[in-house]
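FYI, side chains are in, hydrogens and waters are out, and symmetry mates aren't considered; it's all heavy atoms of this structure.
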Amino acid sequence: MNSRSVLSVVALTTLLAGSPFAAGCKTAAEASVTEESVEAVPVALEEPLTEEHDGGSVGWDIAPDGTVKAIVKTADGKPIDKDVSGTLTWKGPNGDAQVPLTLDAKTGLLIAAGPRLEADLTEVKYNVVVSGNPWNGTLHVPAGGTRVIVEGAKKAEKRPVPPGKTGPNGGVIQVVGDDIIEVVADKTSGQVRVYVLDANFKPVPIGDRKIKLGFVGSGSELIVLTPGPGGLYGVGTIGAKVNPVKLTVVVAHPTHADVVLVGYRPGVHVVVGPSAPSLNVVVATTWNVGVKVKTAPGPGVVVIHDDDDDDGRPVHIHVHGKHKGKHKHKHHKHHHHH
C-alpha cells in the first residue's frame, strides 16, 4: 500500500468514526492508527498484475524501487496465506539476483525486496510454491513497475481495436500510449518487426521511437529493435520462432515511454502455463524472398519482388532487356519463377 492510499484510509475512518458505518472504530483517536496496524488485516493489492495458474492465481505489485508484494489466491479467489513461499530471479546487466519471497504474517502477502528497476524492461522470473506445487512464470517489468502495465492497459481500453482485426502484415494490433502498432514475426527467419500504424491501420515511419519487446513462450527473451530500411518499422530477431503466450512492448519517445502487455485488460487474469492461449504473432511472410533484378541482356527476367505494402501475394516484375520500364502484374494462379 503506498502512503497516499494509507492516508486516505485514515482520513476516511476518521470521518466515519462517529457514524454507525465505522464498525470497528470506537473513537476518532483510535482511527488515527499507524500504517502498520492499518495493514495488519488481510489487504487487497490495489491493482495487481494477476497471472493465473492451474490451481489459482498470483497478483503482482512490483514498485520502481524493487519492492515486491504478491497475493496468492485459490482458483475460487480465496487468499492463500499458509504453506506458500517463493523465489524471484531478477535478470540484471551484471548477472542474476535471487530474491526470496517471504510470507508477511500481518498482511498475508508474499513480500520481497528486489533491486531497483533500472531498465526499460527487467525480466523477473518467479517460482511460487503453494502446498508443494510450483507455479512458475516470467514478468517483463517496466522501470515504473507493474502499475505502468495496468495504466497502459487502461489507456488502450479506451481505444478498442475491432475484434479479430490483424495488421497489414498479418500481425497483432495493439494500442500503446498514443500509438497503434503491429507486431509480426517471420516463422522461417525469426525476424520480428513492429510497425506504427495510423488511424486507418496503414504503416507510418517509426520516427524517433525506440522499441523493445519482451517475449514469453517456451522460453523468454528481450529484444531491442533497430530501425528498418527508411525507418518504416523496427526490426529484430526472435530466437524461439513460436507464438508467445505473453508479449510486453515498450515504445520509448524522447520524453516518455509507453508500455503494454499485448491483449491485457485491467482486472483480467493473464493465463499462463500449459493452457495459456498464444498470440498470433509468428506468421509466414514474404520477407525472405530475395529481390535480384538481373541486368544481363536477353529475354525478360521475372523476379518476385518483396513488396511490404502487398497483401502477401507475390508481385511479379517483368524486367525487359533494353528499356527500364517495369510492369507490375499480380498473378494469383501462376507458379513463381525464381
Side-chain angles (χ1 to χ4, degrees), residues 49 120-121 140 142 148-187 189-217 221-228 230-238 240-253 256-268 270-271 276-287 306-313:
L49 183 61
D120 287 338
L121 283 180
H140 283 115
V148 173
I149 290 179
V150 176
E151 296 302 327
K154 286 181 179 170
K155 197 160 179 183
E157 210 171 28
K158 297 192 176 112
R159 296 170 62 198
V161 172
K165 176 138 186 83
T166 56
N169 300 282
V172 167
I173 297 179
Q174 174 68 42
V175 172
V176 187
D178 297 324
D179 292 325
I180 305 172
I181 62 160
E182 176 190 21
V183 185
V184 60
D186 176 66
K187 100 168 27 153
S189 63
Q191 184 182 115
V192 59
R193 294 181 183 181
V194 171
Y195 290 84
V196 176
L197 308 178
D198 64 14
N200 301 314
F201 304 108
K202 294 274 181 282
V204 294
I206 62 170
D208 52 17
R209 296 171 179 86
K210 292 189 164 49
I211 303 169
K212 292 196 175 83
L213 303 175
F215 269 76
V216 178
E221 46 190 319
L222 204 52
I223 300 133
V224 178
L225 302 187
T226 54
L232 291 176
Y233 49 81
V235 62
T237 308
I238 48 170
K241 303 178 187 77
V242 289
N243 279 321
V245 171
K246 288 197 309 177
L247 175 58
T248 310
V249 181
V250 179
V251 178
H253 298 263
H256 69 287
D258 293 300
V259 186
V260 293
L261 181 56
V262 173
Y264 171 63
R265 298 198 308 286
V268 175
V270 180
V271 181
S278 57
L279 295 159
N280 201 26
V281 172
V282 182
V283 295
T285 72
T286 53
W287 300 337
D306 170 10
D307 184 349
D308 266 344
D309 304 319
D310 190 35
D311 52 9
R313 283 187 284 256

Study note, to complete from the structure: In short, P162 meets F201 closest at the heavy-atom pair CD-CZ, 4.0 Å
Revision key, fill the gap. Looking only at heavy atoms, the pair that brings A284 and K187 closest together is N-CE, 4.2 Å
**Study point:** Listed partners of K154 passing side chain to side chain donor-acceptor pair (under 3.5 Å), at least two apart
**Key:** E47
Practice item. Not counting sequence neighbours, which residues clear side chain to side chain donor-acceptor pair (under 3.5 Å) with E182? List them please. Key: N169
Check your understanding: Which is it for V260 and V175 under the side-chain contact (heavy atoms from CB on, under 4.5 Å) test, yes or no, and what are the steps along the way?
Key -> CA-CA 8 Å; V260 293; V175 172; over 6 Å; no
Check your understanding: Step by step, would you call V183 with Q174 a side-chain contact (heavy atoms from CB on, under 4.5 Å)?
Key -> CA-CA 8 Å; V183 185; Q174 174 68 42; 5.9 Å; no
Point to revise | Closest heavy-atom pair and its distance - V250, A257 | key: CG1-CB, 4.2 Å
Practice item. Applying side-chain contact (heavy atoms from CB on, under 4.5 Å), run through V282 and V242 and close with a yes or a no. Key: CA-CA 6 Å; V282 182; V242 289; 5.8 Å; no
Exercise for review: Report the residues that fulfil side chain to side chain donor-acceptor pair (under 3.5 Å) with D179, sequence neighbours left out, ordered by chain and then residue number.
Suggested key: R209, H253
Check your understanding: Between V270 and L261, what is the shortest heavy-atom contact and its length?
Key -> CG2-CD2, 3.9 Å
**Study point:** Derivation and outcome, side-chain contact (heavy atoms from CB on, under 4.5 Å), residues W287 and V184
**Key:** CA-CA 11 Å; W287 300 337; V184 60; 3.6 Å; yes
Check your understanding: Does a side-chain N-to-carboxylate-O contact under 4.0 Å join D178 and K155?
Key -> yes
Exercise for review: First locate atom CG of L49, then atom OG1 of T248, and finally report the distance between them rounded to the nearest 0.5 Å.
Suggested key: 8.5 Å
Exercise for review: Identify which one of I206, V251, L213, V249 satisfies the side-chain contact (heavy atoms from CB on, under 4.5 Å) criterion when paired with L225.
Suggested key: L213
Review point. To the nearest 0.5 Å, what is the distance between CD1 (I173) and OG1 (T166)?
Key: 6.5 Å
Exercise for review: Look up atom CZ in F215 and atom CG in L279, then write down how far apart they are to the nearest 0.5 Å.
Suggested key: 9.0 Å
Check your understanding: Would you say P203 and L232 make side-chain contact, with heavy atoms under 4.5 Å?
Key -> no
Practice item. Looking only at non-hydrogen atoms, find the nearest pair between I180 and A199 and report the distance. Key: CD1-CA, 4.4 Å
Practice item. Starting at CG of L121, measure out to NZ of K212 and round the result to the nearest 0.5 Å. Key: 7.5 Å
Study note, to complete from the structure: Heavy atoms of I223 and G236 approach each other most closely as CG2-CA, 4.2 Å
Exercise for review: For E221 and I238, indicate whether the former's side chain and the latter's backbone hold a donor-acceptor pair under 3.5 Å.
Suggested key: no
Review point. How long is the span from the CG atom in D186 to the OG1 atom in T237, to the nearest 0.5 Å?
Key: 10.5 Å
